[in-house]
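The structure appears below as structure tokens.
Whatever order the structure lists ligands and atoms in, that order sets their numbers, starting from 1.
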Amino acid sequence: MPARATQAMAARSGIVVVAAALLALVAVSQAQAPGPSATPAGPPNVTAILVKGGQYTTFIRLMKETQQDTQLNSQLNNSFNGNGYTVFAPTDNAFNNLKPGTLNSLSQQEQVSLVQGHILPQYYSMESFQTASNPVRTQASGKKDPITLNIIATGNNQVNVSTGVVEVAVNNALSAVKPLAVYSVDKVLLPAEMFGAKAPAPAPTASKGDKTKKGEAASGPAGSADDAAPTGAAGARAVGWGVAGMAALLGYLL
Ligand SMILES: *[C@@H]1O[C@H](CO)[C@@H](O)[C@H](O)[C@H]1NC(C)=O
Ligand SMILES: *[C@@H]1O[C@H](CO)[C@@H](O)[C@H](O)[C@H]1NC(C)=O
Ligand SMILES: *[C@@H]1O[C@H](CO)[C@@H](O)[C@H](O)[C@H]1NC(C)=O
């Protein structure tokens, strides 16, 4: 009797093992199957994109605390035929490099503005950045103290983004499919509207103009990026040249 019972148990567990193996096979083949099920059916999910990026935990937390994650996700869900969105996602390193207490010194509303200042209500591919007209609006542009950004072409189809107190290169795209572009940045885009006064002696127009000219010279004839950048990069320079031009014109007239 006990022998038969063990036999039956052995047979049963054998079936279980085979069944488990079959299930595992099915699971593996499904996971590997590329097919249409792999393409996202619904709107893009900014949180999922950032999670997948693996180094954006602080920004994810900030977006959540300020409810900008659900806000953007629902906007994405409602505006497939709209202009789309672009997010500059600072890495955890970027937040770690802030002066200690920077985030904690902000009110809840300022934290909302800070996050919104990283989101543009417009989809930009790396190429379309080249023709962006400065200043570009952010999600925090509809208020009394609008936060805007400047896009600066740096040659080779690359761009920097500047708040006036922080300038950083726009790095790899975590998502680059309309309606949502997400770009990695190595600095937190501290808005001039909130941090400008505290910034140590910012003389951005002069130094930036020089750098931009150097960048143009370096990229030389191959700089198709510069050709396509009249509104983008030139915007930053226009201020300085405008003044110079006015002075020249006045000198001519007088
Ligand atoms: C977006 O992705 C996050 C993280 O994967 C998930 O927690 C959240 O439920 C998703 N939101 C929507 C609207 O699908
Ligand atoms: C998108 O909006 C539709 C219609 O309002 C809704 O049924 C759906 O659940 C939403 N999807 C997500 C992922 O939020
Ligand atoms: C772009 O930003 C970087 C800082 O990340 C800076 O070193 C570089 O000079 C900037 N380039 C231009 C052309 O402004």
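Those atoms of ligand 3 with a heavy atom of Ala169 less than 4.0 angstrom away are 5 (O).
For the pair Glu167 and ligand 3, the shortest N or O to N or O distance falls below 3.5 Å. By the 3.5 Å distance cut-off applied to N or O atoms, Asn160 is counted among the residues near ligand 3.
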Exercise. Determine, step by step, whether Val170 and Asn160 satisfy the side chain to side chain contact (heavy atoms under 4.5 Å, CB included) criterion, reporting the C-alpha distance in whole Å, the side-chain angles of both residues, the deciding distance to 0.1 Å, and the verdict.
Key: CA-CA 5 Å; Val170 175; Asn160 277 6; 6.0 Å; no

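Residues Phe129 and Tyr183 bring their aromatic ring centres within 6.0 Å.
Atom CD of Glu127 is surrounded by 12 or fewer heavy atoms from other residues, nucleotides or ligands within 6.0 Å.
Atoms NZ and CG, from Lys187 and Asn171 in turn, are 11.0 Å apart once rounded to the nearest 0.5 Å.
Within the 4.5 Å cutoff, no side-chain heavy atoms of Ile152 are placed close to those of Val161. Taking 4.5 Å as the limit, some side-chain heavy atom of Met194 sits within range of a side-chain heavy atom of Leu106.
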Give me the pairs of N or O atoms, one from ligand 2 and one from the protein, that sit under 3.5 Å apart.
from, atom 1, to, atom 2, distance (Å)
ligand 2, 2 (O), Asn77, ND2, 2.3
ligand 2, 11 (N), Asn77, ND2, 3.0
ligand 2, 14 (O), Asn77, ND2, 3.3

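Side-chain atoms of Gln108 and Glu65 form no donor-acceptor pair, as typed in the model, at a separation below 3.5 Å.
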